[in-house]
K.L.:
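Take this structure, written in structure tokens, and hold onto it; I'll ask about it next.
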Number of protein chains: 2
Amino acid sequence: MGLTKSEIFTEEQNQIASIAKAFAHPARVAILQHIFNSSTCICGDLVDEIGLAQATISQHLRELKNIGLIKGNIEPTSVCYCIDEDNWANAKDLISQFLDYESKKTNCC
Amino acid sequence: MGLTKSEIFTEEQNQIASIAKAFAHPARVAILQHIFNSSTCICGDLVDEIGLAQATISQHLRELKNIGLIKGNIEPTSVCYCIDEDNWANAKDLISQFLDYESKKTNCC
DNA sequence: TTATTATATTGCAATATTACGATTAAATTA
DNA sequence: TAATTTAATCGTAATATTGCAATATAATAA
């Protein structure tokens with residue numbers, strides 16, 4: 001086993017889980033925060049900033065890119081990453097709405 | 001290898017990742033949504049509602065409980081789970097603030 | 001007491017994730 | 001052209017996650 005049964009869940013549930021998974025590693029959180037704080041973000045910066053190997057950073061960047069949260073512009077010997085604004089806004093809405101389900105609660109304990 | 005290097009990240013980054021991990025599986029998203037929509041939540045309901053084995057549901061519930069998002073009241077032959085309001089609010093604030101970093105962006109691509 | 005019912009726990013197999021050294025690819029510089 | 005630089009990719013080891021059958025636990029019902 002070990003294979004998530006995506007097919008038994010709703011599209012929304014899978015999307016929320018998928019976005020959350022992108023945030024589910026501190027390195028990716030750190031990468032995103034670093035992108036937010038930089039006017040431009042080059043992968044090499046991150047290797048210095050975060051204490052992980054270049055290959056590992058690159059792998060995390062690819063995950064963020066695959067899920068659509070960031071996009072990269074290929075420059076001469078470096079790559080400039082930044083947030084994909086549209087996709088980020090969608091992700092934010094989806095997660096925010098999920099977190100706001102709280103208002104509909106009717107707790108018993 | 002394969003061990004997340006938590007010690008090189010900030011407390012906040014680890015917390016965000018930890019909360020996101022709880023949402024990073026559609027079964028746990030479904031469980032939380034079900035709890036939101038019920039005045040009371042019994043584990044057996046979930047096994048019927050979601051198409052996973054009882055052992056698997058129980059395992060996901062334990063993860064949500066360990067991270068503090070839900071709490072369970074042990075009743076006679078059944079357990080009533082509900083959201084831990086305080087911890088949920090904290091999680092919501094942390095994630096919302098992170099998602100709002102968007103406003104600080106200065107994209108270049 | 002002996003079923004029965006409901007949930008937790010254990011053990012295990014399958015799959016996924018994390019991390020990194022080594023290598024590759026592609027542009028830049030000497 | 002030959003080194004250098006920068007980031008992606010490959011291969012692999014270590015660890016984590018997912019799912020479930022089987023079993024344990026604990027209260028209720030017969």
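As the structure is a computational prediction, the values presented were derived from the model and not from experiment. All heavy atoms count here, side chains included; hydrogens, waters and symmetry mates do not. Chain A is the first sequence line, chain B the second, and so forth, proteins listed ahead of strands; every chain is numbered from 1.
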K.L.:
Counting distance alone, no hydrogens or angles: does the base of D:dA8 have a donor or acceptor under 3.5 Å from a partner atom on the side chain of A:Q59?
P.N.:
no
K.L.:
Expressed in angstrom and rounded to an integer, what is the separation of A:N66 atom CG from C:dA16 atom P?
P.N.:
15 Å
K.L.:
Starting at CZ of B:F23 and ending at C1' of D:dT17, how long is that distance when rounded to a whole Å?
P.N.:
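Checked: the CZ to C1' distance equals 18 Å.
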K.L.:
Can you check the B:L46 CG to C:dA8 C1' distance for me, whole Å?
P.N.:
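Interatomic distance, CG of B:L46 to C1' of C:dA8: 14 Å.
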K.L.:
Hey, is the side chain of A:Y81 poking within less than 4.0 Å of OP1 or OP2 on D:dA8, counting only N and O atoms?
P.N.:
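So the side chain of A:Y81 is within the cut-off, an N or O lying under 4.0 Å from OP1 or OP2 of D:dA8.
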K.L.:
Starting from the 5' end of DNA chain D, give me the residue, A:V47 or B:T56, whose nearest nucleotide shows up first.
P.N.:
A:V47
K.L.:
Look at the side-chain N and O atoms of A:K21 and state whether any lies under 4.0 Å from the OP1 or OP2 oxygen of D:dT17.
P.N.:
no
K.L.:
Indicate the atoms forming the closest heavy-atom contact of B:V29 with B:F23, along with that distance.
P.N.:
CG2-O, 3.3 Å
K.L.:
In whole angstroms, how far is the P atom of D:dC20 from the CD atom of B:Q54?
P.N.:
11 Å
K.L.:
Would you kindly give the NZ-to-P distance between B:K65 and C:dT9, to the nearest whole Å?
P.N.:
8 Å
K.L.:
Give a yes/no on whether any side-chain N or O of B:H60 is located under 4.0 angstrom from OP1 or OP2 of D:dG19.
P.N.:
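Indeed, a polar side-chain atom of B:H60 lies that close.
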K.L.:
Should A:K65 and A:D84 count as an ion pair when the cut-off is N to O under 4.0 Å?
P.N.:
no
K.L.:
By nearest nucleotide on DNA chain C, pick out whichever of A:L52 and B:G44 is the more 5' one.
P.N.:
B:G44
K.L.:
Round to the nearest Å and state the distance from B:E7 atom CD to C:dT18 atom P.
P.N.:
15 Å
K.L.:
Specify the separation, in whole Å, of atom CZ of B:R62 and atom C1' of D:dT25.
P.N.:
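That distance rounds to 14 Å.
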K.L.:
D:dT17 C1' sits how many Å from A:K5 NZ, rounded?
P.N.:
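A:K5 atom NZ is separated from D:dT17 atom C1' by 15 Å.
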K.L.:
Where each residue is assigned the nucleotide of DNA chain D containing its nearest heavy atom, which of B:H25 and A:I42 is assigned the position nearer the 5′ end?
P.N.:
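Residue closer to the 5' terminus by nearest nucleotide: A:I42.
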K.L.:
What's B:A55 touching, base or sugar-phosphate or nothing? Going by heavy atoms closer than 4.0 Å.
P.N.:
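B:A55: base contact, heavy atoms under 4.0 Å.
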